[in-house]
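Predicted model, so just to flag it, every value in this text is computed and none were measured. Chain naming here is simple, since letters A, B, ... match the order of the sequence lines and numbering starts at 1 in each.
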Amino acid sequence: MSNKEIAKIFHNMALYLEVEGVIFKPQAYERAAMSFDVLSEDIREIYKKEGIKGIRKISGVGESMADKIVEYLEKGKIKEYENFKRKIPIDIEELIAVEGVGPKMIKTLYQKLKIKNLQDLEKAAKSGKIRNLPKFGEKKEQNILQSIEFLKRAKGRYLLGDILPTVKEVIIGLKNIKDVKEAHVVGSLRRMKETIGDVDVLVVAEKPQKVMDYFVSMPGIEKILAKGATKSSVRMSAGFDIDIRVVSEKSYGSALQYFSGSKEHNIALRKIAISKGLKLNEYGLFEGVKMIAGKSEEEIYEKLGMAWIPAELRENSGEIELAQKNKLPELIKVSDIKGDLHVHSDWDGGENSILELVESAIKMDYQYLGIADHTKFLRIENGLDEKRLRERNKEIDKLNFRLRQGFGGQAKFRILKGCEANIMVDGSIDIDDQALKELDFLIAGIHSQLKMKKKEMTSRIIKAMQNPHVDIISHPTGRILQKRDEYEMDFDRILRVAKETKTVLEINSFPLRLDLKDINIKKAKKAGVKMVINTDAHHKDSLRLMEYGVSQARRGWAERTDIVNCWPAEKMLKMLK
DNA sequence: GCCGTTTTCGGCCCGACTGTTTTCAGTCG
């Protein structure tokens, strides 16, 4: 997919321009990069079909950017971008990832201390050179070091949401090869972990050579790391590695099982095998030298005396014991989702009109869509005040009326009136009670003052949950993957109050958030707290991100009873305050 | 560099917070 590559180049162009101190252009490039990111059609295909005219139609792309895209598609590089890289030989992406460091600081750091990358920055900070720079001080130096520590922990891992779309295409490509019988992703990606180290793919094929030839010549490859007869490895231009292995049909199940992990799960399984006088490895399940299972995963788990276990559960955290008793949870699926309750329209900072969002939701077979625009505190997102909120509600009423007519008078699809209000420092909500009463549901979330002490932050959220209008807490722990940790808070206490006040906690599907995370979902389920899986989409195409939230819910053992947007609309609305 | 129900030029989401200042620049969302 060329979209991600082009988005990245434009994003980097924006960064270079910002370091240069150019005004307005960076935002233009950033906006275009975001368009590419959410575009459902491949830019290369658009160009093939409609030429440069089609490119110009992409939102935020004008004459100059369209030329640059064509230049990239035809020649593989953009001259102006290459010039930037030469002129400013800094790893801006790496440095900007440090929280508290922005374009201006990067410029100063380069000019005064020749800092080009994270390593240089850490060295300078550790030797106390940063504090003496103008506008810098000891505190800033400390913050930089702290932030670098966080980044280091995340290094070498990639977001599930960045990897999965590419790997899905790889699997489709492999399955298209004649005589390929099976192709499946394994490893942490199959278990849908929120971040992935590298990708492993398993293939069954008559002629492994053909598979290897195809694999090392796929689009999007940066370099071939190894090419063998049945095992190869490539690095994608997005940075991550994909390993492929061709296995025999009779060992496919055991190879799937073995390479899917987790390590802990597999160790536990092998111990069970030993206790039954058997041996389990990637080639099969053996009784002495006789292979008694291996073709499918199901037969391996069966012979080990348990039910087949969904990959998301394989962490050796109780799933094996339940599988032995045949009492595994019935995990939710994407197809169980009946609607999305956290979608931003163009009434706030979203990209699409309510109607456009609704059309996408209907295509996804949803029964309802909850519009949750920001409220007035978030000026940057053009948050709604009481007056504009009412105007928006009127539009929703009109659309609902039209929808009923379209469905012959039946309410087959409905738009729900909501908003994502802000939880202020004292736990209050940034908008009038009267306006809140007119909504179908209210989400409240924290968007400022993230660094409060544990006790204060806990009380702040608790106070919000005790508000009789607050139905849902959005992205409850506030983490941003690979950037910042959860807020300091007493999560167990928050769960108790959520249960008491019947407040629903959100599982935010945005790939950078995935908040609640798997462990917290499991805790919430255990505490009897209900959850909702939302996308937080700011664009109609982002409604598809639902898959990521569902995957984390599955990792957290969630069943249909735990997730309110798996319920029919009426039942869900009755549950909300 | 993009965009247009104030249209081919002149705008461009903007307030809060932090750390460093002694009146504000830089970052964040």
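- For the P atoms, the distance from B:dG26 to B:dT20 is 14 Å, rounded to whole Å.
- Side-chain atoms of A:R390 and A:N393 include no donor-acceptor pair closer than 3.5 Å.
- Separation of the P atoms belonging to B:dT22 and B:dC28 is 23 Å when rounded to the nearest angstrom.
- Between B:dC12 and B:dT7, the distance separating the two P atoms is 15 Å to the nearest Å.
- Atom CZ of A:R56 is separated from atom C1' of B:dG4 by 13 Å (rounded to the nearest Å).
- The P atoms of B:dT21 and B:dT27 are separated by 15 Å, rounded to the nearest whole Å.
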Open item on the list: For nucleotides 19-29 of chain B, give me one character per nucleotide, 5' to 3': B if any protein heavy atom sits under 4.0 Å from the base, S if the only such contacts are to the sugar-phosphate, - if neither.
Closed with: SS----SSSSB

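- In B:dT7 the base sits syn relative to the sugar, since the glycosidic angle is no further than 90° from 0.
- One can place CZ of A:F84 at 12 Å from C1' of B:dG1, the figure rounded to the nearest angstrom.
- Rounded to a whole Å, the CG atom of A:D426 is 15 Å from the P atom of B:dA16.
- When rounded to the nearest whole Å, the span between CG of A:N382 and P of B:dC14 equals 9 Å.
- Taking atom CG of residue A:L384 and atom P of nucleotide B:dC13, one finds them 17 Å apart after rounding to whole Å.
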What does the list of N/O pairs under 3.5 Å between the protein and nucleotides 5-10 of chain B look like, with a distance for each?
none

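- The side chain to side chain contact (heavy atoms under 4.5 Å, CB included) search around A:Y368 returns A:K338, A:L341, A:R414, A:L416, A:N565, A:A569, A:M572, not counting sequence neighbours.
- In this structure, A:K483 places its NZ atom where more than 12 heavy-atom neighbours from other residues, nucleotides or ligands lie under 6.0 Å away.
- Rounded to whole Å, the C1' atom of B:dT5 lies 34 Å from the corresponding atom of B:dA16.
- Per the geometry, CZ belonging to A:F24 stands 11 Å off P belonging to B:dC14, to the nearest Å.
- The partner of B:dT8 is absent, by the rule that a Watson-Crick or G-U pair needs both atom distances under 3.5 Å.
- Residue A:I69 contributes atom CD1, which lies 13 Å from atom C1' of B:dC2 at whole-angstrom precision.
- A donor and an acceptor atom, one from each side chain of A:T375 and A:D430, are located under 3.5 Å apart.
- The side chain to side chain donor-acceptor pair (under 3.5 Å) contacts involving residues 502-511 of chain A comprise A:H342-A:E506, A:T501-A:T503, A:T503-A:K577, A:E506-A:N508, A:E506-A:N534, A:N508-A:D536, where partners must be two or more places apart or lie in separate chains.
- Spacing between B:dC9 and B:dG15 at atom P, rounded to whole Å, works out to 30 Å.
- If you take atom P in B:dC3 and the same atom in B:dC13, they sit 13 Å apart, rounded to whole Å.
- Here ring pair (Phe, Tyr, Trp, His ring centres under 6.0 Å) pairs that include residues 438-465 of chain A, with residues two or more places apart or in two chains, are A:H374-A:H447, A:H447-A:H475.
- Put simply, the residue from A:L399, A:L369, A:V343 that forms a side-chain contact (heavy atoms from CB on, under 4.5 Å) with A:I354 is A:L399.
- The list of side chain to side chain donor-acceptor pair (under 3.5 Å) pairs with a residue in residues 448-466 of chain A, not counting sequence neighbours, is empty.
- Contact between the side-chain N/O atoms of A:K68 and the OP1/OP2 oxygens of B:dG1 is found at a separation under 4.0 Å.
- Neither OP1 nor OP2 of B:dA16 sits under 4.0 Å from any side-chain N or O of A:S448.
- B:dT8 and B:dG1: their C1' atoms are spaced 14 Å apart (whole Å).
- Summarising the geometry, the separation between NZ on A:K376 and P on B:dA16 is reported as 13 Å, rounded to the nearest angstrom.
- A salt bridge does not link A:K129 to A:E141: none of the charged side-chain nitrogens sits closer than 4.0 Å to a carboxylate oxygen.
- Remark: A:K79 is not positioned above the aromatic ring of A:Y81, lacking an NZ or CZ atom under 6.0 angstrom from the ring centre and at most 45 degrees off the axis.
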